[in-house]
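Letters go in sequence order (proteins before strands), and every chain restarts at 1.
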2 protein chains.
Amino acid sequence: MEAKFKFAQDLIRQAAVYVRQRMTEDLQIEQKSQFDDLVTNIDKDSQDFMVEAIQKAYPDDNILGEESELYADLKDGHVWVLDPIDGTVNFVAQGRDFAIMIAYYEDGVGQFGLIYDVVCDKLYSGGGEFEVSCNGRTLSPYQSRPLNRQLIGANGRMYASNYLGLADFASKVLGVRVLGSAGISMSRVLEGQLLAYFSAISPWDYAAASIMGQKLGYELLTMTGEPLDYESRQAVMFIPRAEEALIKRDIKKG
Amino acid sequence: MEAKFKFAQDLIRQAAVYVRQRMTEDLQIEQKSQFDDLVTNIDKDSQDFMVEAIQKAYPDDNILGEESELYADLKDGHVWVLDPIDGTVNFVAQGRDFAIMIAYYEDGVGQFGLIYDVVCDKLYSGGGEFEVSCNGRTLSPYQSRPLNRQLIGANGRMYASNYLGLADFASKVLGVRVLGSAGISMSRVLEGQLLAYFSAISPWDYAAASIMGQKLGYELLTMTGEPLDYESRQAVMFIPRAEEALIKRDIKKG
């Protein structure tokens, strides 16, 4: 596992070099399901780059990737989960606040996760048997603080519509930050900068953070109380286990 | 003016060193008007530090500061406008995404502004007779792009309540980012990363960005259509002049 973890760290840094080199080029932007669901040629090429390296090094492993036909079942054998650019809208409009993410599972059990904030050059990695760190600095487990001294991260539309009581809960904390990337937001939760994160996202958006969070006292739950299916897009919350009861007072089951 | 601009750049960097040194200490946090309106001992000490330096170097100048009894009239003579920590909630909860800001006016005319993103070590400065730059890199004037390829920054509560049509306008762009600091958000507007910024803020929050924005094709307007009073907290928008007509289709006068 040590070798695989090292391989993943090297791979994500190589993918970041590739993305950084190419992000000054003219982007080819395509719309997916709707006008704000975008994909670029760089998302696709960055994923192809990672897939090729994984298939060469570990030909028997499976891959679940955001931008491809590689939809392995996360619970089936050795599975790499890839998000080549999380926060594509930020990538296109701001050129910052996007991440590359990798997670690795064996028979449904998360072994390690990686979130790489490309522009800030910050690599969060660990989980499973590995300590969680950012660029070599070990992260501390969640330490409880009063709610009114903490911020949360959220999807802007879910907050604005008070989805399942999200705005009710938000009124108990110092405020809401809308950063536009699950990876960037969840890395701030892991750092203890945001108390929790709420959004409607897919496995490649939350796999890496969820594995790292397990080590630091966080858990990923659906907001509706249904089980996490690790397949479809679901409304989820990434929260400290120690504050679960408090948070569930406001976040009502669907 | 050259000497004053240089003095301001040196001063803001010194204040940042001071804030960085002290931010690991135990903060003394006080509530101002309400639970999410905070001030810390470091806000106050950082302002005192800047005030002392200005009074020593320019004893005849006036000062308008967020955290003190120094409420000079911005239109009266030589006036320094200081925000020792913009984004105090971020400072307290995240330890990032806060800024130190300085603006300088003569008889109501902005001469230069500075926004310093302390943690990212990014100094935006210029306006008046000076080019606007970030750490020495000259910023380009606003270049028009389709609305549905751009993001806006906003105050989260104003967006959530569709204040004066803000959410209506937001539905025409790629999305909304809520960063929690006027200075950080407006520096992203100056960079061309965000199209515009909407919030209810005070002169020390918008003075620096407004002066720099003048050089790059941006203007600061109230959302209600009333004149900007440079004294009280007002709902404002920092927008490209080229998109004013388009934005005003949705942002309705009060």
Give, as side chain, backbone, both or neither, the part of B:Ser171 having an atom under 4.5 angstrom from any heavy atom of chain A. backbone

Using non-hydrogen atoms only, which part of B:Val176 is less than 4.5 Å away from chain A: side chain, backbone, both, or neither?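 Looking at B:Val176, just its backbone touches chain A.
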
Close contacts, residues 182-192 of chain B versus chain A, judged by heavy atoms under 4.5 Å: B:Arg188, B:Gly192

Highest number of heavy-atom pairs under 4.5 Å with chain A: which of [options]?
options	value
B:Ala160, B:Ala154, B:Ala93	B:Ala93
B:Gly153, B:Cys120, B:Gly156	B:Gly156
B:Gln150, B:Arg177, B:Arg145	B:Arg177

Is there a side-chain contact between B:Leu179 and A:Leu179 in this structure, where contact means two heavy atoms from C-beta onward sitting under 4.5 Å apart?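 They are in side-chain contact.
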
Determine which residues belonging to residues 194-213 of chain A lie within contact range of chain B, meaning some heavy atom pair is under 4.5 Å apart, and list them by number or answer 'none'.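 So far as heavy atoms go, A:Leu194 are the residues that approach chain B to under 4.5 Å.
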
Quick one: what part of A:Arg96 sits under 4.5 Å from any heavy atom of chain B, side chain, backbone, both or neither?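 Side chain only.
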
Under 4.5 Å from a heavy atom of chain B, the part of A:Asn162 involved: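 Interface part for A:Asn162: neither.
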
Testing the basics here: between A:Arg149 and B:Val92, what is the closest heavy-atom pair and its distance to 0.1 Å?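 Looking at all heavy atoms of both residues, the closest pair is CD-CG1, 4.4 Å.
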
How about A:Glu131: does its CD atom have over 12 heavy atoms from other parts shown lying under 6.0 Å from it?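 Count not over threshold, so no.
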
